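What you see is a predicted model, and the numbers here were worked out from it, not measured in a lab. Every heavy atom of this structure was used, including side-chain atoms; hydrogens, water molecules and symmetry mates were not. Lettering follows sequence order; numbering is per chain, from 1.
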Amino acid sequence: MYLEIQGRIRQKFRETVKSVFNLEVGDPVFDFPPRPELGDLSIAASFELAKKLRQPPRKIADQLAAQLLPIEGVARVSVAGAGYLNFHLDRAVLASVLFQLRTFPALAEAVHPGKVLVEHTSINPNKAAHIGHLRNSVLGDTFVRLLSFRGHHVETQNYIDNTGVQVADVVVGFQHIEKKTVAEVRALVENKDVRFDYYCWDLYARVSNFYIESGDKELRAATLKAIEEGKGEPAEMARLISTAIVKLHLETMQRINVRYDVLVEESEILRLEFWKSAFELMKEIGAIRFETAGKNAGCWVMDLGDSEGEKSEEESAADDVKIIVRSNGTVTYVGKDIAYHMWKFGLLGKDFSYAPFYRYADGKTVWHTGKEAQAGAPAFGHASEAYAVIDTRQAYLQNIVAAAFRALGFHDQAEHLHHFAYEVVGLSPACAQEMGYELRPEDLERSYVEVSGRKGLGLKADDLIDMLVAKASEEVRSREMTQDPAEQAAYGRMIAVSSLRYFLLKFSCHVIITFDFKEALAFEGETGPYLQYTIVRARNIFRKYAADHEGFTPESLPDKVKQTELGRSFAGEDGTAFWELVVLTAQLEMVADQAISTTEPAAVAKYVFRLAQTFNNFYHRFHILHEPDSARQNFLLYLVHIVERTLTQTLGLMGIEVPERM
RNA sequence: GGGCCUGUAGCUCAGAAGGAUAGAGCAACGGUUUCCUAAACCGUGGGUCGGGGGUUCGAAUCCCUCCAGGCCUACCA
């Protein structure tokens with residue numbers, strides 16, 4: 001609705017500039033007037049036109065304003081300041097359209113052609129998830145929800161690097177540090193008293209020291225090779241470990257409302273020789289070449305010396321090269337990733353077979369790429385657009401994948417391959433010490449310390465969630481909002497999740513989150529619980545009102561509040577305060593689109609907080625249940641309903657549920 | 001050396017493709033509850049938008065340069 005009006009204004013603006021000044025211009029950019037009385041949308045283009053037309057901007061704006069109307073949805077146009085064109089929307093019409101839209105949201109059916117594939121989480125399946133992984137999953141999951149809300153067909157993939165070095169390291173740990181057999185590791189996995197992912201967390205941290213102390217450089221490479229080839233005990237143990245850990249990761253993520261459609265396993269990419277197909281193609285086209293001399297002798301490498309042009313021959317030849325196949329014949333991560341991404345777009349001419357891997361409580365299945373093909377699997381892959389949510393340190397690798405696409409001639413697909421980059425989560429030095437880690441003096445000087453699975457330094461996801469749930473549950477109990485223990489637990493969980501998800505979403509992707517307990521455990525101010533509480537307040541009004549008015553439902557409000565009354569209320573004394581709320585709720589779709597196009601879900605978080613703040617202010621100013629004038633009371637209820645629906649829907653986009661009471 | 005990112009209030013961060021008086025949360029101080037209302041609301045103080053130059057009617061925003069910090073630049077991922 002709001003977006004449609006914007007579109008009409010743009011169109012009309014161009015037409016009017018053409019007819020009044022005989023000038024072709026592009027789409028104008030909208031600004032937002034600083035105060036709502038000035039209007040709802042503004043165009044500052046008069047200032048630029050002033051140059052071309054050699055007329056003062058104010059005069060230009062005046063001439064345009066006289067000719068712009070009618071525009072459907074716009075009540076009037078005013079000129080302000082030195083030449084701003086301000087558009088005042090038709091308040092009553094917009095409010096009633098929004099009421100319908102928010103009360104009966106359109107079914108989430110895909111209106112865009114094609115499929116958007118979002119890969120996120122993709123944690124190495126060799127240890128428990130930590131706070132950094134949560135940021136990835138929450139960003140990715142929110143992005144999926146946003147895409148779906150805006151009419152995209154979305155598929156969520158979680159890539160499982162079950163044949164990589166990190167898994168190999170834990171296998172080495174079990175085999176050579178703990179001297180455990182496959183059977184013994186299996187017993188450990190099945191032992192309910194052991195948190196297997198936590199166990200591996202500690203073991204993995206010990207492996208680095210083990211390599212240093214034993215001086216055995218071959219062990220890791222040999223183990224990795226065996227795993228890649230799927231042979232022997234190391235491979236069996238790797239399968240056992242990674243499968244167990246992936247299940248635990250799914251359970252951790254489920255706690256914070258993050259789910260997946262399909263798990264793509266690297267072992268299958270190797271087994272089905274996806275890599276081989278990609279490799280053949282790259283050789284054929286000459287995207288990679290075999291080095292016979294120099295430091296990379298025996299490797300297949302890809303040239304990165306792109307576009308720049310002016311570069312001294314010697315240095316570009318030696319350094320601007322990326323190894324794709326190692327001299328021992330194993331494939332680097334990039335190589336496998338190229339194959340995986342080719343499959344995403346259906347460029348490989350091959351497909352996996354799929355089997356159920358995990359079932360959520362409501363019956364939804366998570367599939368994985370398994371040998372034991374099962375009928376009825378959805379058609380995965382064949383994306384028209386692909387996003388990979390990966391931290392910014394891997395930008396270089398992501399660029400190589402895109403470069404490979406271009407080298408292979410897949411220019412169009414390269415354009416639709418997006419690296420959804422975000423910064424890492426670090427711990428403040430004080431926080432790390434609080435958790436019992438000993439820091440080196442140089443780390444104490446830094447503003448944050450990097451989380452490191454290798455060193456075992458980090459806050460485990462489940463530990464943080466546990467802390468949040470404990471704190472939230474304590475609040476729920478002390479506020480005595482319900483006596484039912486099951487309800488208390490449910491509220492505690494919802495509040496904990498909202499706190500965590502909002503905390504991870506409110507920062508823009510390109511800032512490092514320096515984790516701090518005080519801030520992360522806060523339930524007041526700019527937090528998830530604040531938002532939930534705002535909705536609960538709005539719902540309380542309806543609950544109490546309905547108790548005194550038999551048979552009342554919010555859906556009946558349009559029958560009582562006609563457009564003429566809407567118009568009168570918005571034009572009245574407090575009209576601007578009321579209108580401010582409506583105009584904000586109208587912006588949801590615009591904000592969601594912006595969050596998608598900039599891969600910046602924080603925009604939605606900031607938006608919903610602003611709406612909640614505005615509502616809370618309104619809530620204090622206007623006492624709805626005490627309102628003696630029933631026409632005005634109905635109007636206020638009408639407003640509250642629009643806001644409540646918008647807040648609830650927006651929190652839903654962030655994966656946040658709302659308790660009945662708080 | 002090269003590439004990417006960051007620098008805005010005491011702290012943590014927003015700031016819409018250059019626009020109207022630079023915002024929020026936390027912290028500090030002062031107010032507001034027999035309630036639809038405190039997980040909240042209102043008010044006060046707090047800024048050379050890292051420095052310098054430039055483009056422009058207009059710059060936190062674009063360009064150049066310098067300073068400070070971070071990340072990447074592996075036959076790890």
When rounded to whole Å, the CG to C1' distance for the pair A/Leu49 and B/G19 reads 14 Å
Taking the P atom of each, how far is B/G52 from B/C67, in whole Å? 15 Å
Check the interface with nucleotides 9-11 of chain B: list each N/O to N/O pair with the protein under 3.5 Å, or write none.
none

Below the 4.0 Å mark, does B/A40 have OP1 or OP2 next to a side-chain nitrogen or oxygen of A/Arg537? no
Cation-pi between A/Arg493 and A/Tyr491: NZ/CZ under 6.0 Å from ring centre and within 45° of the ring axis? no
Contact check, residues 599-612 of chain A vs RNA chain B, heavy-atom distance under 4.0 Å, returns A/Lys606, A/Phe609
From CD of A/Gln398 across to C1' of B/G3 the rounded distance in Å is 16 Å
So does A/Arg326 get a side-chain nitrogen or oxygen closer than 4.0 Å to the phosphate oxygens (OP1/OP2) of B/A77? yes
In whole angstroms, the gap separating C1' of B/G19 from CZ of A/Phe87 amounts to 15 Å
Worksheet item: Within the structure, does a side-chain N or O atom of A/Gln613 lie under 4.0 Å from either OP1 or OP2 of B/A40?
Response: no
Contacts satisfying side chain to side chain donor-acceptor pair (under 3.5 Å) that involve residues 470-481 of chain A (not counting sequence neighbours) are A/Glu474-A/Arg477, A/Glu475-A/Arg479
On RNA chain B, more 5' by nearest nucleotide between A/Ala297 and A/Ile495 is A/Ile495
*Can a side chain N or O of A/Ser508 be found less than 4.0 Å away from OP1 or OP2 on B/A14?*
yes
query: Using the P atom in both, what is the distance from B/A59 to B/U73, to the nearest Å?
result: 40 Å
**Prompt:** B/U21 base to A/Arg35 side chain: any donor-acceptor pair below 3.5 Å?
**Reply:** yes
Of the candidates B/A20, B/C75, B/C5, the side chain of A/His510 sits closest to B/C5
Exercise. Output yes when at least one side-chain N/O atom of A/Tyr396 is less than 4.0 Å from OP1 or OP2 of B/C76, else no.
Key: no
Residues of residues 513-529 of chain A with a heavy atom under 4.0 Å from any atom of RNA chain B, listed by number, are A/Lys518, A/Glu519, A/Phe523, A/Glu524, A/Gly525, A/Glu526, A/Pro529
By centroid distance (under 5.5 Å) and plane angle (under 30°), are A/Tyr84 and B/A20 in a stacked arrangement?
yes
Heavy-atom contacts, protein to nucleotides 56-63 of chain B, under 4.0 Å, summarised as B (base), S (sugar-phosphate only) or - (none) per nt, yield -B------
| said: Any side-chain N or O of A/His626 below 4.0 angstrom from OP1/OP2 of B/C36? | reply: yes
Assign each of A/Met590 and A/Tyr619 the nucleotide of RNA chain B bearing its closest heavy atom; nearer the 5' end lies the nucleotide of A/Met590
**Asked** Ignoring hydrogens and angles, are the base of B/A16 and the side chain of A/Asp593 linked by a donor-acceptor pair under 3.5 Å?
**Response** no
Side-chain contact check for A/Tyr448: nearest option of B/G70, B/C36, B/C76 is B/G70
From OH of A/Tyr533 across to P of B/A38 the rounded distance in Å is 3 Å
Exercise. What about A/Thr392, does its side chain sit under 3.5 Å from the base of B/C71 through a donor-acceptor pair?
Worked result: no
*asked:* Does B/A40 have its OP1 or OP2 closer than 4.0 Å to a side-chain nitrogen or oxygen of A/His620?
replied: no
Of B/C36, B/C72, B/A20, the nucleotide closest to the side chain of A/Arg393 is B/C72
Given Watson-Crick and G-U pairs under 3.5 Å, RNA chain B in dot-bracket ([ ] crossing, | other strand) is (((((((..((((.....[...)))).(((((.......))))).....(((((..]....))))))))))))....
From the candidates B/A40, B/C75, B/C71, the one with an atom nearest any side-chain atom of A/Glu450 is B/C71
Which of B/A39, B/A40, B/A20 is nearest the side chain of A/Met662? It is B/A39
Whether A/Arg661 contacts B/C36 is assessed here as follows: a side-chain N or O lying under 4.0 Å from the phosphate OP1 or OP2. Is that the case? no
By a 5.5 angstrom centroid cut-off and a 30 degree plane limit, is there stacking between A/Phe30 and B/A16? no
